[in-house]
Amino acid sequence: MSDSNRKFGLKAKLIIAMMVAGILPLVFGMVLSYVRGNESLEEVIGSSFQTLARETASKIDFIIDKEIAKNRQTAFHPDVIDWLKKQNSTFEDMDSARIEADFANADPAWRENAFQSIINNGGTQTLQAFLKEPSHSSESTLAFYVTDAKGMLVASINNYPPFVTR
């Protein structure tokens, strides 16, 4: 026999066959483990994200419910309601266009005095007290005011909107 035939004799062929027979199940097992492990990880990670999303949604719902309750508390506060009733009874028989015209034609000092009385009244103090409470809406509120049924400004935390709004 020649040298080239001796290299791949029965002994070499048996060794190669044993290696292939050993490597093939090993590779198959590794691929199967990877696929199953990947599916398991996707399931665990997916359920974790689902739990996180539910928890975040419930916290957001809680915060929104709290803010709605706070706004409702502000709207139904007795001081604000009393100021609205007082304002409505004061200007009950007057037309809002006439009120606006009278206010526009009034002396600037009188207008400033009227506005300062709004800024310093009990309704405004009530609004400012609500803004002093720590909450997300308090931190982001730039304007907070109440108008009566005719659009007259009743209470405001700052120097706007105009005295009569529509």
Consider side-chain contact (heavy atoms from CB on, under 4.5 Å). Of K13, M19, M18, which one does I15 pass it with?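 Single pass found, and it is M19.
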
Taking atom [atom1] of [X] and atom [atom2] of [Y], what is their separation to the nearest 0.5 Å?
X: I60; Y: D65; atom1: CD1; atom2: CG; answer: 12.0 Å
X: D61; Y: T56; atom1: CG; atom2: OG1; answer: 11.0 Å
X: S40; Y: R36; atom1: OG; atom2: CZ; answer: 11.0 Å
X: E67; Y: R72; atom1: CD; atom2: CZ; answer: 13.5 Å
X: S47; Y: L52; atom1: OG; atom2: CG; answer: 11.0 Å
X: F49; Y: T51; atom1: CZ; atom2: OG1; answer: 11.0 Å

- [ ] Identify, with sequence neighbours excluded, every residue that meets salt bridge (charged side-chain N to carboxylate O under 4.0 Å, His left out) alongside E42.
- [x]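 Checked E42 against salt bridge (charged side-chain N to carboxylate O under 4.0 Å, His left out); zero matches.
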
- [ ] Please answer whether the main-chain N or O of G29 pairs with a side-chain N or O of S33 as donor and acceptor at a distance below 3.5 Å.
- [x]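 Here the side-chain-to-backbone pair exists.
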
Identify the two heavy atoms, one from A21 and one from P25, that lie closest to each other, and give their separation to 0.1 Å.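 That would be O-CD, 2.7 Å.
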
